[in-house]
Amino acid sequence: MNIRIGDIVRFISEKMEGKVTGIISNIVIVKTEGPVAQNEIATVKLGEVRMMAEVIKVVGDDAYIQVFDSTRGLRMGAEVEFEGHMLEATLGPGILSKNYDGLQNDLADMDGLFIRRGQRTSPLNEETLWEFRPLAKPGDRVEAGDWLGEVKEQWIMHKIMVPFAFEGSYTVRSVAGAGEYNINHTVAVLEDAQGGEHPVTMVQKWPVKRPIKAYVSKPRPSRILETGVRPIDTFNPIADGGTGFIPGPFGAGKTVLQHAIAKQAEADIIIMIACGERANEVVEIFAEFPHLDDPHTGHKLMERTTIICNTSNMPVASREASVYTGMTIGEYYRAMGLKVLILADSTSRWAQALREMSNRLEELPGQDAFPMDLSAVISNFYARAGLVHLRNGATGSVTFLGTVSPAGGNLKEPVTEATQKAARCFYALSQQRADSKRYPAIDPLDSYSKYLEYPEIIEYLDERVEPGWVDLVNRGKTIVQRGKEASEQIDILGDDGVPVEYHDRFWKSELIDFVILQQDAFDAVDANTPLDRQRYMYNLVLDICDRKFGFDDFQSCVEFYKSLINLFKQLNYSEWESDKFAEYRARIDEMVAAKESNK
């Protein structure tokens, strides 16, 4: 059976209606006049205001719906109309550079400082003309997700695809010629097996809580996503099409780290989801990104970025919608063969929205009153990321990196533990490192990347960086671990109470820390380190760590390594392979050689 756009969950020929019989904050109980479905969208009528809501539970003829606006003033008997479809994202040219709320309302078209109750705006401009170029031709056999044509959106070639809601195989009856059209213009007509015709425009809709599966296969990731952040790329890389998360206490630098990755990551599309965070952090993105240059393309960063903004003063219910809307948009661009990076800050706020909804439904609570199925919900969401092979041989990916804000930095709380089961990379931000201004405050020993265990990733790193790279990374981690153990011994016994070798071991771990694990996000050079430079610097540091120096006492050891670290920091601030870089490298070699000759 072939399915038209918008019919994906429609099960009745006309809209069902109902009346409000109970109100619990933003949870409203509705007595329905006919069948309704889980996750179906409803409209609650309050005078002239129309408020969007979603069905979250159905018991007999009672539907429990969560309203995405304030229910103040709503009364018993108010009319509710069920729309017959799930919460949908509108997908088409014009998404890039947009600022949306969790329900995909275009914030630029809204009036006032705050979103008015019931206010809705169109996600896409229906008047804009796009230069269309056909890719398919009459007679071609196509399926959902196949490319029919393309338009240039910013500098990205935006593919116009067979709608994902179409099932089975179709024959292209006609395709519009090259020219300028708006998103509602019919650019192709498809014919199904029964001879029915289906017009296709540039825009389509898709339920945000259903993964887009318009691909042939979804293999394991086989290469890393270069971020320019040394503690990630060198020590614990994230895969292209992989998943990771950043837990950390307040003030540890989660947002700054995410912004740095968004600016520098080797991705075609960036989707930033502000899920219940403070508005000033989102405003920083609005203010900075339009003026920053993309280091990979030379274009403005905002040209490849979409922001889903649901700050802490917006409706709690739409926090959940915001993460699903962002993921759906990411999957849409992945189907075009693009590399998409999704950054969510913070998924803890999403989990809190789930907890609030669960409590109001009087469901059996789990740990800390979170839903019993919290782990499954998070796992299913993270599973939507990944690398895919499309029918035409192209490859696309969605890489997801979320932050978690555990109360007091407690990494044993339910959201952190549930996310740790789902994500393959764990970047634990340390309060101690943040307090000592060691940024990014990623703890090198608590953090990990399971992708370093993948044979495909090991093989890729052997080719991209150098043979045996993962073994070198593990050597560095061992040096850091031994340095920590030496530091603990020094703290207990005092500087004079341990052999000089303990100080040497500690300061070699400090050398790795200061040169590799710390990075200045506000320096034009040090903020973004290419992988080739990371390899060069890491090998240089390891070479020094492998050398044996003769120190008369711990003070001479401390003075030597402090001076050496200072030279390395200047090296990090120098342009790659510049005269200044060569000068500092020569001074480091001289200093090391002089110390070796005096041992």
Side-chain angles (χ1 to χ4, degrees), residues 6-89 101-105 117-120 165 205-210 310 314-325 328 350-365 369-374 376-377 380-381:
D7 290 343
I8 193 160
V9 293
R10 197 170 300 281
F11 49 88
I12 48 177
S13 58
E14 57 184 32
K15 298 179 180 180
M16 288 293 108
E17 295 183 346
K19 292 189 181 296
V20 173
T21 58
I23 305 170
I24 314 169
S25 186
N26 72 317
I27 301 294
V28 174
I29 305 171
V30 180
K31 182 72 70 175
T32 64
E33 298 176 355
V36 297
Q38 181 84 1
N39 299 124
E40 185 179 356
I41 290 298
T43 300
V44 181
K45 300 177 182 179
L46 177 58
E48 298 298 321
V49 177
R50 299 292 183 268
M51 299 184 293
M52 183 185 293
E54 180 185 24
V55 177
I56 57 176
K57 182 180 179 181
V58 180
V59 181
D61 56 359
D62 286 335
Y64 291 73
I65 64 176
Q66 65 168 346
V67 183
F68 294 118
D69 291 291
S70 170
T71 56
R72 180 176 297 177
L74 187 64
R75 298 181 179 183
M76 301 295 184
E79 294 182 355
V80 178
E81 190 175 73
F82 295 89
E83 303 295 335
H85 62 82
M86 298 170 67
L87 179 62
E88 297 172 328
D101 71 352
L103 302 176
Q104 213 190 355
N105 293 303
R117 182 162 58 174
Q119 186 179 14
R120 298 289 176 262
K205 293 181 182 290
W206 183 261
V208 297
K209 292 188 177 179
R210 291 193 174 189
N310 194 89
M314 292 181 180
V316 174
S318 52
R319 289 182 191 175
E320 183 193 20
S322 64
V323 294
Y324 285 105
T325 299
T328 302
W350 166 40
Q352 289 167 6
L354 294 175
R355 176 170 63 184
E356 186 172 323
M357 183 172 65
S358 176
N359 292 345
R360 287 174 180 168
L361 291 175
E362 300 180 353
E363 294 177 341
L364 184 66
F370 284 102
M372 292 288 289
D373 62 346
L374 177 66
V377 171
N380 288 337
F381 180 79

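All residue numbers refer to positions in the sequence shown, counting from 1. Note that this is a predicted model, so its numbers are computed, not measured. We use all heavy atoms of the structure for the numbers below, so side chains are in, but hydrogens, waters and symmetry mates are not.
Within the 4.5 Å cutoff, side-chain heavy atoms of Ile27 are placed close to those of Ile56. You'll find the side chain of Glu83 reaches within 4.5 Å of the side chain of Lys15, heavy atoms only. Here the side chains of Glu88 and Trp206 are not in contact, with every heavy-atom distance at 4.5 Å or above. Between His85 and Pro207 the shortest side-chain heavy-atom distance does not fall below 4.5 Å. No side-chain heavy atom of Val80 sits less than 4.5 Å from a side-chain heavy atom of Lys45.
In this structure, Asp69 CG and Leu103 CG are separated by 8.0 Å, a value rounded to the nearest 0.5 Å. Note that the CG atom of Leu87 and the CD1 atom of Ile41 stand 4.5 Å from one another [nearest 0.5 Å]. Note: Phe82 CZ to Thr32 OG1 = 6.0 Å, rounded to the nearest 0.5 Å. Interatomic distance, OG1 of Thr21 versus CG of Asp62, reported as 5.5 Å (0.5 Å rounding). The distance from atom CD of Glu363 to atom CG of Leu354, rounded to the nearest 0.5 Å, is 10.0 Å. In this structure, CE on Met51 lies 5.0 Å from CG on Leu46, to the nearest 0.5 angstrom.
Although no hydrogens or angles enter the test, the distance criterion places a donor-acceptor pair under 3.5 Å between the side chain of Thr325 and the main chain of Ala321. Under a 3.5 Å cut-off, the side chain of Glu40 and the backbone N or O of Gly84 do form a donor-acceptor pair. Not one N or O on the side chain of Arg50 forms a donor-acceptor pair closer than 3.5 Å with the backbone of Gly118. A side-chain donor-acceptor contact under 3.5 Å links Asp101 to the backbone of Gln104. In this structure, the side chain of Thr71 engages the main chain of Ser25 through a donor-acceptor pair within 3.5 Å. Within the 3.5 Å criterion, the main-chain N or O of Gly102 finds no donor-acceptor partner in the side chain of Ser322. Between the side chain of Arg117 and the backbone N or O of Arg72, at least one donor-acceptor pair lies under 3.5 Å.
Ile65 and Val44 get closest at one heavy-atom pair: CD1-CG2, 3.7 Å. Heavy atoms only, all atoms of each residue included: Val59 and Tyr64 are closest at CG2-CE1, 4.1 Å. Listed here is the closest heavy atom pair of Phe370 and Gln352: CE2-N, 4.1 Å.
Seen from the ring of Tyr324, Lys209 counts as a face-on cation partner, given the 6.0 Å and 45° thresholds.
Under the 3.5 Å distance criterion, with hydrogens and angles disregarded, no donor-acceptor pair is assigned to the side chains of Glu81 and Thr43. A donor-acceptor pair shorter than 3.5 Å cannot be found between the side chains of Asn105 and Gln119. With hydrogens and angles left out, the side-chain atoms of Gln66 and Glu320 include a donor and acceptor closer than 3.5 Å.
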Open item on the list: Set out, in order, the CA-CA distance, both residues' side-chain angles and the distance that settles side-chain contact (heavy atoms from CB on, under 4.5 Å) for Val30 and Lys19, then state yes or no.
Closed with: CA-CA 5 Å; Val30 180; Lys19 292 189 181 296; 5.7 Å; no
TODO: Take Val20 and Ile29 through the test side-chain contact (heavy atoms from CB on, under 4.5 Å) and record every step on the way to the result.
DONE: CA-CA 6 Å; Val20 173; Ile29 305 171; over 6 Å; no
